[in-house]
Amino acid sequence: MSFRRRYGRLELLDGSNTLFVEDHFQDRPALLAFWHDLNVTILRADFVRYLSMLADGGVYSDMDTSCMKPIDEWIPSHFDKESINAVVGVEYDDATYKMFVRPVSFCQWTLMAKPGHPVFETVVARVIYHLEYLARIQNTDLAGLKVGKKAVLEATGPGAFTDAVMENLSNTMGRKVEWSEVQGLQEPTLFGDVLILPINGFGSGQKHSPSGDTEYGEVLAKHHFGRSWYHRPPDAVETPSPSTSTRTPTNGGYFRSNRRI
């Protein structure tokens, strides 16, 4: 099933990401300056997905994902859809993989939210702070920043996103939301205006966690783990593509509906 049905579709590509950011964040010069100084392709690919959700909302999904159930059905019918402003899927819920340093990690290969949701304002701020900090301790600027796989996962990837989600859940609920509250979910669970999906929602087919166990939710979107960013240096610099037809997507596209969610 395609993501394209009934939704306007925009691909976020190497050659067009800067135009998107400039068009949507003209009133935030510090953010624009940060974007222009950031040269690492994978960091840009992570960052622009958060910016697209912050600016326009809708659904973002990586190029190596498939839609397994119509987007309009991702929120179960017994929930009041008007009161849900973001949908987040579990990526990891286990204690066996050392690359995950949190008890739970949330997916950022598929995202769903209304425009301007605080989760994305928070993760944008975290990314900026973290990368500027890494540049300082390397005695360089953003243009000279060097990052490895672990730094990518923490600074812009699921580490940054998971921390932003947990911070927002606690702020929304007016208390600290514990990891135990998002572990072992077998059905979608609402925290304020954020709906947390069980691992199968966006994270089925993995070798860890209860991924694939039918008791842990329906499969809504499936990630095929292309991992294209693993196959080029993480500090590779973006170069302009010669034409639209030869551009290579660095991450994915987002899908806009008149209903937003």
Side-chain angles (χ1 to χ4, degrees), residues 31 34-35 38 40-54 60-62 64-65 86-113 117-138 142 145-172 176-185 191 194 196-199 201-203 206-209 211 223 225-230 233-235 250-252:
L31 191 154
F34 177 88
W35 173 263
L38 188 63
V40 183
T41 302
I42 179 56
L43 301 181
R44 280 185 157 217
D46 276 341
F47 194 44
V48 77
R49 73 188 62 193
Y50 304 137
L51 294 176
S52 70
M53 296 300 294
L54 180 61
Y60 166 90
S61 206
D62 279 358
D64 58 347
T65 57
V87 178
V88 175
V90 172
E91 173 186 4
Y92 175 81
D93 184 0
D94 203 341
T96 58
Y97 273 43
K98 293 182 179 179
M99 65 177 288
F100 293 98
V101 298
R102 297 162 183 80
V104 173
S105 181
F106 296 118
C107 295
Q108 41 96 254
W109 57 67
T110 299
L111 305 166
M112 185 180 194
H117 195 277
V119 163
F120 295 98
E121 195 69 70
T122 300
V123 73
V124 164
R126 281 181 172 271
V127 167
I128 292 172
Y129 175 83
H130 200 150
L131 293 182
E132 288 181 339
Y133 170 75
L134 289 178
R136 285 197 302 272
I137 64 175
Q138 291 180 21
L142 285 174
L145 185 64
K146 304 294 183 182
V147 292
K149 177 181 173 182
K150 185 175 181 179
V152 171
L153 294 173
E154 283 298 305
T156 62
F161 183 61
T162 297
D163 287 346
V165 170
M166 291 300 288
E167 178 181 335
N168 182 258
L169 295 186
S170 294
N171 290 341
T172 300
K176 180 175 175 57
V177 172
E178 303 292 344
W179 291 111
S180 59
E181 297 180 66
V182 293
Q183 288 178 296
L185 297 181
F191 293 84
V194 179
I196 305 295
L197 302 175
I199 193 166
F202 297 155
Q206 301 181 87
K207 296 179 180 180
H208 56 69
S209 312
S211 177
H223 190 213
F225 296 96
R227 290 191 172 97
S228 61
W229 70 278
Y230 285 8
D235 59 346
T250 57
N251 47 333

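Hydrogens, waters and symmetry mates are skipped; everything else that's a heavy atom, side chains included, is used.
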Separation between OH of Tyr129 and CZ of Arg126, rounded to the nearest 0.5 Å: 10.5 Å

Check: Phe202 main-chain N/O paired with Trp109 side-chain donor or acceptor under 3.5 Å: yes

Knowing that exactly one of Val124, Val119, Thr122 qualifies, which makes a side chain to side chain contact (heavy atoms under 4.5 Å, CB included) with Tyr50? Val124

Partner of Met166 under side chain to side chain contact (heavy atoms under 4.5 Å, CB included), picked from Asp163, Asn168, Leu169, is Leu169

Aromatic plane relationship, His117 with Phe120 - under 30° parallel, 30 to 60° tilted, over 60° perpendicular: perpendicular

Is the shortest heavy-atom distance from the side chain of Phe47 to the side chain of Leu131 under 4.5 Å? no

Minimum heavy-atom separation for Asp93 and Val182, please, with both atom names. OD2-O, 4.4 Å

Working to the nearest 0.5 angstrom, can you tell me the gap between Gln108 CD and Glu91 CD? 7.5 Å

How long is the straight-line distance from CD1 of Ile199 back to CG of Asp94, given to the nearest 0.5 Å? 8.0 Å

Should Leu51 and Trp35 be marked as a side-chain contact (heavy atoms from CB on, under 4.5 Å) after you check the CA-CA gap, both sets of side-chain angles, and the distance that decides it? CA-CA 10 Å; Leu51 294 176; Trp35 173 263; 4.3 Å; yes

Roughly how far apart are Arg44 CZ and Thr156 OG1, rounded to 0.5 Å? 13.0 Å

Given Val152 and Leu43, is the side-chain contact (heavy atoms from CB on, under 4.5 Å) satisfied, shown in steps? CA-CA 7 Å; Val152 171; Leu43 301 181; 4.0 Å; yes

Partner of Val90 under side chain to side chain contact (heavy atoms under 4.5 Å, CB included), chosen from Leu197, Ile196, Thr162: Ile196

What are the two closest heavy atoms between Phe161 and Cys107, and how far apart are they? CE2-O, 3.2 Å

Which atom of Ser105 lies closest to which atom of Pro158, heavy atoms considered: OG-CB, 3.5 Å

Should Asp46 and Val127 be marked as a side-chain contact (heavy atoms from CB on, under 4.5 Å) after you check the CA-CA gap, both sets of side-chain angles, and the distance that decides it? CA-CA 9 Å; Asp46 276 341; Val127 167; over 6 Å; no

Donor-acceptor contact present, side-chain Thr110 to main-chain Ser61, <3.5 Å: no

Please name the pair of heavy atoms, one in Leu185 and one in Pro198, separated by the smallest distance, quoted to 0.1 Å. O-CB, 3.4 Å

Are Arg102 and Glu154 close enough for a salt bridge, meaning some N to O gap below 4.0 Å? yes

Would you please test Phe191 and Thr172 for side-chain contact (heavy atoms from CB on, under 4.5 Å) and show each step? CA-CA 8 Å; Phe191 293 84; Thr172 300; over 6 Å; no

One should read off an interatomic distance between Leu142 CG and Ile128 CD1, to the nearest 0.5 angstrom, of 9.5 Å

